[in-house]
2 protein chains.
Amino acid sequence: MTTIDDVARRAGVSASTVSYALSGKRTISAATRARVEKAIAELGYTPHAGARALASARTNVLALMAPLRPDVDVSVIMQFVTGVVTKARSHDYDVLLLTQEDAAGLSRVASGMVDGLILMDVEAKDQRIPVVTQLRQPTILIGLPEDPQGLSCVDFDFDAAARLAVRHLHRLGHTSLALLGPPPAVLERHTTYADRLLTGYRAQCAAEGLQPVVEATGSSHTAALAALDAVLARSEQLTAVVVHNEAALASVVSGLHDRGRRVGEDVAVLALCPAYVAESQSIPITSIDIPALTIGEVAVEMLLERTGAPHAAETRLLAPTLHERQSTFPLEPPVLT
Amino acid sequence: MTTIDDVARRAGVSASTVSYALSGKRTISAATRARVEKAIAELGYTPHAGARALASARTNVLALMAPLRPDVDVSVIMQFVTGVVTKARSHDYDVLLLTQEDAAGLSRVASGMVDGLILMDVEAKDQRIPVVTQLRQPTILIGLPEDPQGLSCVDFDFDAAARLAVRHLHRLGHTSLALLGPPPAVLERHTTYADRLLTGYRAQCAAEGLQPVVEATGSSHTAALAALDAVLARSEQLTAVVVHNEAALASVVSGLHDRGRRVGEDVAVLALCPAYVAESQSIPITSIDIPALTIGEVAVEMLLERTGAPHAAETRLLAPTLHERQSTFPLEPPVLT
DNA sequence: CTGAAAGCGCTAACAT
DNA sequence: ATGTTAGCGCTTTCAG
């Protein structure tokens with residue numbers, strides 16, 4: 001293994017000069033810097049991460065605790081992870097991947113393995129919060145727990161998204177809508193995004209005088225159709241459905257078709273999902289895009305602001321934007337006879 | 001931060017005793033061990049990872065280079081990553097996540113950040129192979145490159161899987177089959193699994209005297225239907241289709257239905273995908289399951305065997321198993337009139 | 001602008 | 001069965 005001393009010897013300088021040339025923490029003459037860089041290149045030197053961590057108390061690694069289950073929203077999770085890793089790399093950080101179940105992982109990595117943590121899929125009363133508040137490294141939460149205890153949070157504004165969905169459909173003339181939400185298991189965990197979506201949906205329906213029909217939706221085709229049939233049974237003249245379940249979306253669309261309801265003509269479909277999921281359906285689906293990649297990037301930025309100098313806690317909610325595609329349409333008022 | 005010296009002082013022993021109590025590398029009297037453990041618990045001590053890495057030249061971290069793109073097989077990738085992380089944790093290893101694009105990452109982490117590497121999505125002439133053969137840490141490849149250069153490999157036996165698919169359908173009486181494969185981009189990259197599937201499919205068709213119809217299949221609904229129509233056009237009396245594209249599967253099934261071909265009655269569908277993907281379709285699809293979780297686990301086991309003492313290179317191919325579900329059926333021979 | 005030297009916290013000989 | 005001690009490779013005072 002080539003060490004900083006090898007480089008120093010080769011460049012004819014001291015080890016500390018090499019270190020400073022690398023970190024830029026003090027001014028180095030152009031000539032010296034050139035010799036050092038040449039030596040580094042020739043030797044293919046890379047600093048030993050452990051030694052650096054020991055001496056500087058920084059690791060340039062951050063931990064990401066992600067829900068690795070074949071869940072309803074694999075592609076949301078993947079995009080999110082992608083956003084975190086690429087943004088971290090652009091700041092010269094690496095990412096250590098922890099699973100949601102690895103409770104001990106938090107304190108383990110806290111001992112000098114990482115400079116900060118990002119927790120995905122935060123629940124209303126998340127057990128991990130009291131743990132991470134004790135750490136000396138900063139933590140960013142994805143989601144809004146009941147009590148963030150001074151931690152910073154980022155998420156998509158699911159409340160606003162639900163309201164936007166209802167308002168949009170209502171303005172198009174739809175008055176009988178239904179929400180097909182995430183699977184029952186997600187609701188039971190009280191993952192905060194699911195709760196906030198529901199709250200927003202119910203509130204906006206109330207504000208606009210609409211009946212808030214809601215159904216939890218399993219991810220299998222059969223479960224999706226069951227949920228669809230349930231809402232269809234509850235309101236026969238249903239003309240619009242909001243789908244917040246990536247895995248069920250295709251089944252809902254084909255299910256409507258099979259039941260003789262033309263999507264985009266008889267019934268409007270509005271999905272909450274990543275844009276590319278909405279685009280690759282049998283009909284391009286109007287959607288409120290979940291900006292998973294961006295959330296991951298923002299989480300990293302907020303985290304890195306807080307490694308080193310302390311920074312006030314803050315909560316950032318990304319505003320929803322709606323993309324009209326072919327699955328929504330203005331409802332003609334019934335012809336008066 | 002509490003250090004090993006704090007623990008030693010509290011337990012009334014030397015630091016090395018604490019270290020040995022932790023590592024088990026020499027025998028400690030029950031009494032001493034108890035005092036040490038008590039002190040550790042009371043102080044909430046966790047060894048500093050960097051210091052440990054520096055002193056022992058081991059990190060208990062392994063790197064996983066994963067393709068983080070919204071690709072055709074998100075759920076395969078997620079399962080694979082899950083297998084790696086959970087198996088690694090069961091051996092007290094953590095996982096550092098690198099992206100496929102981060103070429104420099106390989107040499108960066110090689111400088112003492114990790115004890116070994118796992119490379120996913122290996123291509124026939126993968127540029128990363130010459131890099132990792134130079135490292136002192138072992139590497140495991142997922143996939144079979146043309147020349148593994150002494151590296152160990154794991155993968156699903158896609159060649160055998162394709163042969164099994166053809167043989168199974170042929171035995172059921174199907175003589176006009178088609179393969180709907182991964183998107184063109186995957187083929188162009190020469191990701192090895194795609195190539196091997198094709199080879200096996202063509203070889204087995206030849207061996208059984210069948211015409212090997214093949215079509216690359218994009219992941220959007222439209223692209224999937226286009227591919228379906230293409231194979232339908234090429235052989236009007238098509239009775240069986242093999243789908244190796246998780247994202248396109250649902251579209252192919254609904255497309256067949258819309259074209260008046262009943263899946264499981266007029267046309268057989270056999271998918272290569274994770275079991276749960278096959279199960280959650282509109283009709284449970286007969287599948288050859290891609291054991292992504294297992295591959296991840298095996299990769300970790302092979303890797304850990306090779307950290308420390310060297311171990312002969314080996315290639316492990318997981319044998320395919322076929323799960324009959326409702327989308328395949330024996331084809332009645334045409335009634336002779 | 002550059003060197004020398006003192007650790008950072010731990011492991012693993014080397015002692016006993 | 002346990003203690004002593006010399007590093008591991010780097011960063012960062014302290015000196016010049």
Side-chain angles (χ1 to χ4, degrees), chain A residues 1-37 39-40 43-61 92 108-115 136 308, chain B residues 1-37 39-40 43-61 92 108-115 136-137 307-308:
Chain A
M1 224 204 108
T2 117
T3 72
I4 199 171
D5 285 307
D6 300 332
V7 176
R9 211 167 305 126
R10 178 140 194 160
V13 298
S14 74
S16 63
T17 297
V18 177
S19 175
Y20 284 117
L22 243 23
S23 68
K25 288 191 183 170
R26 77 184 188 190
T27 44
I28 304 276
S29 72
T32 307
R33 151 156 289 130
R35 294 217 312 290
V36 169
E37 279 168 0
I40 288 178
L43 266 39
Y45 166 74
T46 324
H48 182 103
R52 181 171 265 184
L54 185 54
S56 68
R58 305 185 59 255
T59 63
N60 272 45
V61 175
D92 203 35
R108 176 166 33 85
V109 302
S111 320
M113 286 196 87
V114 304
D115 296 337
R136 75 179 165 303
Chain B
M1 225 208 107
T2 115
T3 74
I4 200 171
D5 285 308
D6 299 332
V7 176
R9 211 167 305 126
R10 177 140 193 160
V13 298
S14 74
S16 64
T17 297
V18 176
S19 174
Y20 284 119
L22 243 24
S23 69
K25 288 192 182 170
R26 77 183 186 189
T27 45
I28 304 277
S29 72
T32 307
R33 151 157 288 130
R35 295 214 313 289
V36 169
E37 280 168 359
I40 289 178
L43 266 40
Y45 166 73
T46 324
H48 182 103
R52 180 172 266 183
L54 185 53
S56 67
R58 306 183 58 255
T59 62
N60 271 47
V61 174
D92 204 35
R108 175 166 33 84
V109 301
S111 320
M113 285 196 88
V114 303
D115 297 336
R136 75 180 166 304
Q137 295 97 331
T307 64

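These figures come from a predicted structure and were not determined experimentally. Each chain gets a letter, A, B and so on, in the order its sequence line appears, and its residues count up from 1.
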Chemist: Rounded to the nearest Å, what distance is computed from the CZ atom of residue A:R9 to the P atom of nucleotide C:dA4?
Modeler: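 Checked: the CZ to P distance equals 13 Å.
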
Chemist: Quick one: pull up CG in A:L22 and CD1 in A:I40 and give me the separation to the nearest 0.5 Å.
Modeler: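 It is 4.5 Å, given to the nearest 0.5 Å.
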
Chemist: How many Å lie between CE on A:M1 and P on D:dC8, as a whole number?
Modeler: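 Spelled out: CE on A:M1 to P on D:dC8 is 11 Å.
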
Chemist: Can you identify which nucleotide, out of D:dG9, C:dG3, C:dC10, has its nearest atom closest to the A:H48 side chain?
Modeler: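 Comparing D:dG9, C:dG3, C:dC10 against the side chain of A:H48, the answer is D:dG9.
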
Chemist: Evaluate the side-chain contact (heavy atoms from CB on, under 4.5 Å) criterion for residues A:V36 and A:I28: first the C-alpha distance (whole Å), next the side-chain angles of each, then the deciding distance (0.1 Å), finally the verdict.
Modeler: CA-CA 10 Å; A:V36 169; A:I28 304 276; 5.9 Å; no

Chemist: Backbone N or O of B:D92 within a donor-acceptor pair of the B:N60 side chain at under 3.5 Å?
Modeler: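 Checked: pair present.
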
Chemist: Distance check needed: C:dT11 C1' versus B:I4 CD1, whole Å only.
Modeler: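 Rounding to the nearest Å, CD1 of B:I4 and C1' of C:dT11 are 8 Å apart.
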
Chemist: When you measure from the side-chain N and O atoms of A:T17 to the phosphate of C:dG3, is any distance below 4.0 Å, counting only OP1 and OP2?
Modeler: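 For C:dG3, OP1 or OP2 has a side-chain N or O of A:T17 closer than 4.0 Å.
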
Chemist: If I take atom CD1 from residue B:I4 and atom CZ from residue B:R9, how far apart are they, to the nearest 0.5 angstrom?
Modeler: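 The distance works out to 11.5 Å.
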
Chemist: Could you grab the distance from atom CZ of A:R35 to atom OG1 of A:T17, nearest 0.5 Å is fine?
Modeler: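 Atom-to-atom, A:R35:CZ and A:T17:OG1 are 9.5 Å apart.
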
Chemist: Which whole-number value in Å describes the distance from B:R26 CZ to C:dC14 P?
Modeler: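 Distance, rounded to whole Å: 13 Å.
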
Chemist: For C:dT11 and B:K25 - does any side-chain N or O of the residue sit under 4.0 Å from the phosphate oxygens OP1/OP2?
Modeler: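 Checking B:K25 against C:dT11: no side-chain N or O falls below 4.0 Å of OP1 or OP2.
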
Chemist: Using heavy-atom distances to pick each residue's nearest nucleotide on DNA chain D, tell me which of B:S16 and A:A15 is more 5'.
Modeler: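 The 5'-side residue here is B:S16.
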
Chemist: Is the phosphate of D:dT13 approached by A:Y20 (side-chain N or O, under 4.0 Å from OP1 or OP2)?
Modeler: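 Indeed not, no polar side-chain atom of A:Y20 lies that close.
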
Chemist: If I take atom CG in residue B:N60 and atom P in nucleotide C:dG9, what distance separates them, rounded to the nearest angstrom?
Modeler: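 Atom CG in B:N60 sits about 20 Å away from atom P in C:dG9.
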
Chemist: Measuring from B:T27:OG1 to B:Y20:OH, what's the distance to the nearest 0.5 Å?
Modeler: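 Taking OG1 in B:T27 and OH in B:Y20, the distance rounds to 11.0 Å.
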
Chemist: Once you apply a heavy-atom cut-off of 4.0 Å, does B:T3 come out as touching a base, just sugar-phosphate, or nothing?
Modeler: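 Sugar-phosphate only.
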
Chemist: Would you mind telling me which residue lines up with the more 5' stretch of DNA chain D, B:A30 or B:S56, judged by nearest nucleotide?
Modeler: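 By nearest-heavy-atom nucleotide position, the 5'-most residue is B:A30.
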
Chemist: Please determine whether a side-chain nitrogen or oxygen atom of A:S14 lies at a distance below 4.0 Å from atom OP1 or OP2 of C:dG3.
Modeler: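 Affirmative; the distance criterion is met.
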
Chemist: Between B:S19 and B:S16, does a side-chain hydrogen bond (donor to acceptor under 3.5 Å, both in side chains) hold up when you go through it step by step?
Modeler: CA-CA 5 Å; B:S19 174; B:S16 64; over 6 Å; no

Chemist: Round to a whole Å and report the spacing from CZ of B:R35 to C1' of D:dG3.
Modeler: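 Result: 13 Å.
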
Chemist: Just report the end-to-end axis angle for the helix from C:dC1-D:dG16 to C:dT16-D:dA1, five pairs per end, to 10 degrees.
Modeler: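 It comes to 30° between the two terminal axes.
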
Chemist: Could you state the CG-P distance from A:D6 to D:dG9, rounded to the nearest angstrom?
Modeler: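 Atom-to-atom, A:D6 to D:dG9, this comes out as 9 Å.
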
Chemist: OP1 or OP2 of C:dT2 sitting under 4.0 Å from any side-chain N/O of A:S29?
Modeler: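 Answer is yes, contact under 4.0 Å.
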
Chemist: Which donor-acceptor pairs under 3.5 Å do the side chains of residues 43-56 of chain A make with protein atoms, sequence neighbours left out?
Modeler:
residue : atom : partner : partner atom : Å
A:T46   : OG1  : B:S111  : OG           : 3.3
A:S56   : OG   : A:R52   : O            : 2.6
A:S56   : OG   : A:R58   : N            : 3.3

Chemist: A:L54 CG to D:dG7 P: how many Å, rounded?
Modeler: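 Going from A:L54 (CG) to D:dG7 (P), I get 17 Å.
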
Chemist: Give a yes/no on whether any side-chain N or O of B:T32 is located under 4.0 angstrom from OP1 or OP2 of D:dT2.
Modeler: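 Answer yes for this pair, as a side-chain N or O of B:T32 is under 4.0 Å from OP1 or OP2.
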
Chemist: Side chain of A:S19 only, please: which of D:dT12, C:dT11, C:dC8 is the nearest?
Modeler: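 Nearest listed nucleotide: D:dT12.
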
